[in-house]
Amino acid sequence: MKKIYLLAFVAITSIAVISCQKDENPDDNNGGDVYSSITVPQTNTALVVKHSGTACPPCGGWGWTAWDEIRTTNTANARFVTAYDDNFVAKLFINQVSEDWANGLAINSWPTFCANYKIQTAKTQSGGIDVNQTKTNIQTTVNTHSAGPVVANAAFKATAEGDLMKVNIKTKFFNAADGDYYMAVYVVEDGVMGTQSGHPSYPTAVAHEFVLRDTYSPSGSLNPSYGTLLSSGAVAAGTEFKTEYTYRIEPTWNKDKIHTYVVLWKKNGTKYEFVNVSK
């Protein structure tokens, strides 16, 4: 097996857009009662991602322990995702969003830890992984983001209707902005049971935390990995958008452990930059 290194990154698949309305007047409640009851907080939350593989011994060894510590340390100001892209130590939970994220960051070793769609890995002088410095890098990124100016944020209400999840989202720009902003809705399932090479439980299944899932439209089509266009060009401070998404809940997912993440991205050329994630 190749020598495996640690790295880093974030979202999880998007969803089918039913409606998207730009509201120039934040006091206008034409979006309906569901939107009038949603308040968007003027806060920044970081997105912390572990790129992993279930056939990767380091991912289940020191990488598993480090992931537990990273989540515990940053729980107040971050949301977390374990992403399983199609790599040479992959086996379970592989999905297209994780693959697109890994390709976007040119990830080529596992586990890789990221924060706000940037690799936070630190290496020793001998080329190994400096786990403590990596954890410090992530915490610094999380804290800096939390204390920084809030460009935009989103809040939502999600309602399960049979095998569909309806998500009503209000997005607010707290500062004037310019460019192409995208919004993605990701499905994360916590505590998914599966084997993990390198974990003390192996080959007995263990609970995998905050697993990123592909999301599908009601018709079964795959949603784009970075969402859909929310705003293009100049947008004034105070502008709100009211959007409704619907995604299909797959039969293998545990409804009681599903979390919805709304992530805002800014597209520059062909690259995406992380803006914020709903808390």
Side-chain angles (χ1 to χ4, degrees), residues 7-17 20 22 44-52 78-87 94-108 112-121 137-138 141-142 144-146 148-154 156 167 169 171-188 210 212-217 221-235 239 241 243 245 247 259-279:
L7 284 164
F9 165 7
V10 158
I12 294 180
T13 293
S14 256
I15 300 271
V17 179
C20 183
K22 181 176 180 179
N44 282 328
T45 301
L47 182 58
V48 180
V49 178
K50 174 190 178 184
H51 277 269
S52 190
R79 299 198 81 177
F80 307 96
V81 170
T82 310
Y84 296 87
D85 54 280
D86 191 9
N87 58 70
I94 301 168
N95 61 77
Q96 189 60 50
V97 179
S98 297
E99 182 71 3
D100 289 344
W101 286 356
N103 288 337
L105 291 173
I107 289 174
N108 59 12
T112 287
F113 294 92
C114 304
N116 294 358
Y117 204 41
K118 292 182 179 179
I119 293 172
Q120 304 295 333
T121 304
N137 290 349
I138 291 174
T141 299
V142 170
T144 300
H145 182 63
S146 176
V150 182
V151 175
N153 196 15
F156 66 91
V167 188
I169 307 161
T171 306
K172 182 173 182 178
F173 280 78
F174 292 94
N175 285 284
D178 195 7
D180 292 335
Y181 286 84
Y182 283 70
M183 181 174 66
V185 180
Y186 300 108
V187 181
V188 176
F210 302 104
L212 178 60
R213 295 293 201 181
D214 269 333
T215 58
Y216 299 87
S217 70
S221 61
L222 189 63
N223 289 294
S225 294
Y226 297 93
T228 53
L229 185 65
L230 179 70
S231 176
S232 182
V235 57
T239 300
F241 295 86
T243 312
Y245 279 73
Y247 66 80
H259 301 269
T260 301
Y261 289 17
V262 177
V263 176
L264 300 176
W265 302 91
K266 184 178 183 182
K267 188 176 183 181
N268 285 319
T270 61
K271 303 293 185 180
Y272 291 86
E273 298 175 356
F274 173 81
V275 177
N276 215 346
V277 58
S278 59
K279 182 65 172 176

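The structure displayed is predicted, hence computed values, not measured ones.
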- Apply the test side chain to side chain contact (heavy atoms under 4.5 Å, CB included) to residues Arg213 and Val188: give CA-CA distance (whole Å), side-chain angles for both, the deciding distance (0.1 Å), then the verdict. CA-CA 6 Å; Arg213 295 293 201 181; Val188 176; over 6 Å; no

Compare all side-chain heavy atoms of [X] with those of [Y] and state whether any distance is below 4.5 angstrom.
X	Y	answer
Val277	Leu264	no
Val235	Phe173	yes
Trp265	Phe274	yes
Glu273	Asn268	yes

Supply the atom-to-atom distance [X] [atom1] to [Y] [atom2], rounded to the nearest 0.5 angstrom.
X	Y	atom1	atom2	value
Asn95	Trp101	CG	CH2	8.5 Å
Lys118	Thr141	NZ	OG1	8.0 Å
Leu105	Asp100	CG	CG	11.0 Å
Leu230	Phe241	CG	CZ	5.0 Å
Ser217	Tyr247	OG	OH	13.5 Å

Going through the checks in order, is the side chain to side chain contact (heavy atoms under 4.5 Å, CB included) test met by Tyr216 and Ser221? CA-CA 5 Å; Tyr216 299 87; Ser221 61; over 6 Å; no

Item to check | Stepwise side chain to side chain contact (heavy atoms under 4.5 Å, CB included) test for Val97 and Asp214 | outcome: CA-CA 6 Å; Val97 179; Asp214 269 333; 3.7 Å; yes

Checklist entry - Looking at the rings of Tyr226 and Tyr272, which for Trp means the six-membered one, are their centres under 6.0 Å apart? => result yes

Using the test side-chain contact (heavy atoms from CB on, under 4.5 Å), find all partners of [X] that sit at least two apart in sequence or belong to another chain.
X	answer
Asn276	Asn44, Thr45, His145, Val150, Asn153
Thr270	none
Ser232	Asp180, Leu229
Ala154	Ile169, Thr171, Val262

Can you give me the closest heavy-atom contact between [X] and [Y], atom names plus distance?
X	Y	value
Ala115	Ile138	CB-CG2, 4.4 Å
Thr260	Phe156	O-CZ, 3.2 Å
Ala46	Val142	CB-CG2, 3.8 Å

Just by modelled atom types, is the [Y] backbone N or O under 3.5 Å from a matching donor or acceptor in the [X] side chain?
X	Y	result
Lys50	Tyr84	no
Arg79	Ser278	yes
Tyr261	Phe80	yes

By side-chain hydrogen bond (donor to acceptor under 3.5 Å, both in side chains), Asp85 pairs with (sequence neighbours left out) His51, Asn87, Trp110

Hits for side-chain hydrogen bond (donor to acceptor under 3.5 Å, both in side chains) against Ser52, two or more places apart or cross-chain, chain-then-number order -> none

